[in-house]
**Student:** 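Below is one structure. I have some questions about it.
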2 protein chains.
Amino acid sequence: MGKQMTEMLKGTLEGIVLAFLTGNPAYGYEITTWLRSQGFTDIAEGTVYALLVRIEKNGLVDVEKRPSEKGPPRKVYSLNSDGEKYLEEFWTTWGFLAERLESLRTEGK
Amino acid sequence: MGKQMTEMLKGTLEGIVLAFLTGNPAYGYEITTWLRSQGFTDIAEGTVYALLVRIEKNGLVDVEKRPSEKGPPRKVYSLNSDGEKYLEEFWTTWGFLAERLESLRTEGK
DNA sequence: ACCGGTACATAGTAGCGCTGAGTAGTGACG
DNA sequence: CGTCACTACTCAGCGCTACTATGTACCGGT
């Protein structure tokens, strides 16, 4: 993946995953393949799992273990109320940044 | 500054500064105060100087030393052709990310 | 002589994504 | 039955970037 994209994902990937999880519980492997289908083709598996561990530790998601038809049991993540709050803040932060950058791109400066 | 903003700035701050430099040579202190005026109130001076050292080392900017009326001489940075190329890539990367996030925010998923 | 504003610099820290490897369960194919 | 492919998760170590904290130095006003 481009170095620029790698750096830009820092801080945003978490929001992307939380947004995906909104009303849509999912497990790691599923999230990884979804991300790839969204154009983030080079997201490393390890990155997603590490992120999930982090947001679980930070109490933004609830976890439920479910047996899988194929392979080892799945850990299904769902956004909880703290996660929703956090996601809201994320959108606020993102909105500010996106607005600043958009005006930089169009106005020139 | 919020932790979210700190992480989100990784990868984007560089683009913001390069965009500011487009047709608008500036020195470190000036860039810092401009950033703060743009709402990035808590940008640390050290962050900007470190970034400038980096983009200079990467050959994205030309540097010229000019005496200042006040204080030590200024190091004035201006975007060169490599920097312009890099900035274009930045906008492409940013555009992709912004589009993905925008559709996540509105469509829900 | 002192203070506040201007201007630059750097060593150390922390967070996040990537690399690369490993562990394990399932089903299909020869 | 062995091996391959897919599913699913885990972990150690690395690189990059922003922050913290501190220091240097020049100038004008009081």
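First the proteins, then the strands, lettered A, B, ... as listed; each starts at 1.
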**Student:** Name the nucleic acid region contacted by B:Leu13, choosing base, sugar-phosphate or nothing; use a 4.0 angstrom heavy-atom cut-off, strictly under.
**Tutor:**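 Sugar-phosphate, no base atom in range.
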**Student:** Inspect the contact between B:Glu7 and B:Lys10 and indicate whether a charged nitrogen and a carboxylate oxygen are less than 4.0 angstrom apart.
**Tutor:**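 A salt bridge links B:Lys10 with B:Glu7.
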**Student:** Between A:Glu14 (CD) and C:dC16 (C1'), how many Å, whole number?
**Tutor:**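 In whole Å, C:dC16 C1' lies 9 Å from A:Glu14 CD.
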**Student:** Ignoring hydrogens and geometry, is there a side-chain-to-backbone donor-acceptor pair from B:Gln4 to A:Phe90 under 3.5 Å?
**Tutor:**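 Present.
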**Student:** Heavy atoms from C-beta onward define the side chain here; which of C:dG17, C:dC16, D:dT7 lies closest to that of A:Lys70?
**Tutor:**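 Closest nucleotide among those given: D:dT7.
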**Student:** Can you say whether the rings of B:Phe40 and A:Phe96 are parallel (under 30°), tilted (30 to 60°) or perpendicular (over 60°)?
**Tutor:**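 Answer is perpendicular, since the angle exceeds 60°.
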**Student:** Please answer whether the main-chain N or O of B:Leu18 pairs with a side-chain N or O of B:Thr22 as donor and acceptor at a distance below 3.5 Å.
**Tutor:**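 A pair under 3.5 Å: yes.
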**Student:** Check whether any side-chain N or O of B:Arg66 sits under 3.5 Å from a backbone N or O of B:Lys75 as a donor-acceptor pair, and report yes or no.
**Tutor:**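 Checked: no pair found.
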**Student:** Mark yes or no for whether A:Asn80, through its side chain, and A:Gly59, through its backbone, hold a donor-acceptor pair below 3.5 Å.
**Tutor:**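 Yes, because the side chain of A:Asn80 sits within donor-acceptor range (under 3.5 Å) of the backbone of A:Gly59.
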**Student:** When the distance from CE of B:Met8 to P of C:dG15 is rounded to whole Å, what number comes out?
**Tutor:**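 From B:Met8 CE to C:dG15 P: 17 Å.
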**Student:** Report the distance from atom CG of A:Asn58 to atom C1' of C:dA14, rounded to the nearest whole Å.
**Tutor:**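 Checked: the CG to C1' distance equals 14 Å.
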**Student:** I need the CD-C1' distance between A:Glu69 and C:dA24, as an integer number of Å.
**Tutor:**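 One finds 17 Å between C1' of C:dA24 and CD of A:Glu69, rounded.
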**Student:** Look at the side-chain N and O atoms of B:Lys3 and state whether any lies under 4.0 Å from the OP1 or OP2 oxygen of C:dA14.
**Tutor:**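 The answer is no; no side-chain N or O of B:Lys3 sits under 4.0 Å from OP1 or OP2.
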**Student:** Assuming nearest nucleotide by heavy-atom distance, tell me which of A:Leu51 and B:Gly71 is located more 5' along DNA chain C.
**Tutor:**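 Result: B:Gly71.
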**Student:** Between D:dT17 atom P and B:Leu35 atom CG, what is the distance in whole Å?
**Tutor:**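 After rounding, the gap between these two atoms is 17 Å.
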**Student:** Distance check needed: D:dG15 P versus B:Glu7 CD, whole Å only.
**Tutor:**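 To the nearest whole Å, that distance equals 19 Å.
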**Student:** Taking B:Leu60 as the starting point, is it possible to reach B:Val53 by hopping between hydrophobic residues whose side chains are less than 4.5 Å apart?
**Tutor:**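 Per the 4.5 Å side-chain linkage, B:Val53 and B:Leu60 are not co-clustered.
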**Student:** Can we say A:Glu14 and A:Arg54 salt-bridge, meaning some charged N sits less than 4.0 Å from an Asp/Glu carboxylate O?
**Tutor:**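 Yes, this pair counts.
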**Student:** Tell me whether the side-chain N/O atoms of B:Arg66 come closer than 4.0 Å to OP1 or OP2 in C:dA7.
**Tutor:**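 No, because none of the side-chain N or O atoms of B:Arg66 sits under 4.0 Å from OP1 or OP2 of C:dA7.
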**Student:** If you restrict it to nitrogen or oxygen atoms, what contacts under 3.5 Å exist between nucleotides 8-10 of chain C and the protein, and what is each distance?
**Tutor:**
residue	atom	partner	partner atom	Å
C:dC8	OP1	B:Lys75	N	2.5
C:dC8	OP2	B:Gly28	N	3.2
C:dC8	OP2	B:Tyr29	N	2.8
C:dC8	OP2	B:Tyr49	OH	3.2
C:dA9	OP1	B:Lys75	NZ	3.3

**Student:** Should A:Glu69 and A:Arg74 count as an ion pair when the cut-off is N to O under 4.0 Å?
**Tutor:**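 Between A:Arg74 and A:Glu69 there is a salt bridge, with a charged N closer than 4.0 Å to a carboxylate O.
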**Student:** Determine, for A:Arg100 against A:Glu102, whether the closest basic-nitrogen to carboxylate-oxygen distance falls under 4.0 angstrom.
**Tutor:**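 So A:Arg100 does not pair with A:Glu102 through a salt bridge.
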**Student:** Once pairs are restricted to Watson-Crick or G-U wobble with both distances under 3.5 Å, how does DNA chain D read as a dot-bracket string, [ ] for crossings and | for other-strand pairs?
**Tutor:** ||||||||||||||||||||||||||||||
**Student:** For D:dA8, does OP1 or OP2 lie under 4.0 Å from any side-chain N or O of A:Ser68?
**Tutor:**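 Yes, because at least one side-chain N or O of A:Ser68 sits under 4.0 Å from OP1 or OP2 of D:dA8.
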**Student:** Whole angstroms only, please: what is the CD1-C1' distance between A:Ile43 and C:dG17?
**Tutor:**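 Checked: the CD1 to C1' distance equals 8 Å.
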**Student:** Between D:dC16, C:dC18, C:dG15, which nucleotide has the shortest distance from any of its atoms to the side chain of A:Leu9?
**Tutor:**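 Selected nucleotide (nearest to the side chain): C:dC18.
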**Student:** Rounded to whole angstroms, how far apart are NZ on A:Lys10 and P on D:dA18?
**Tutor:**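 Result: 9 Å.
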**Student:** So, OP1 or OP2 of D:dT17: does either fall under 4.0 Å of a side-chain N or O from B:Arg54?
**Tutor:**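 B:Arg54 to D:dT17 OP1/OP2: side-chain N or O found under 4.0 Å.
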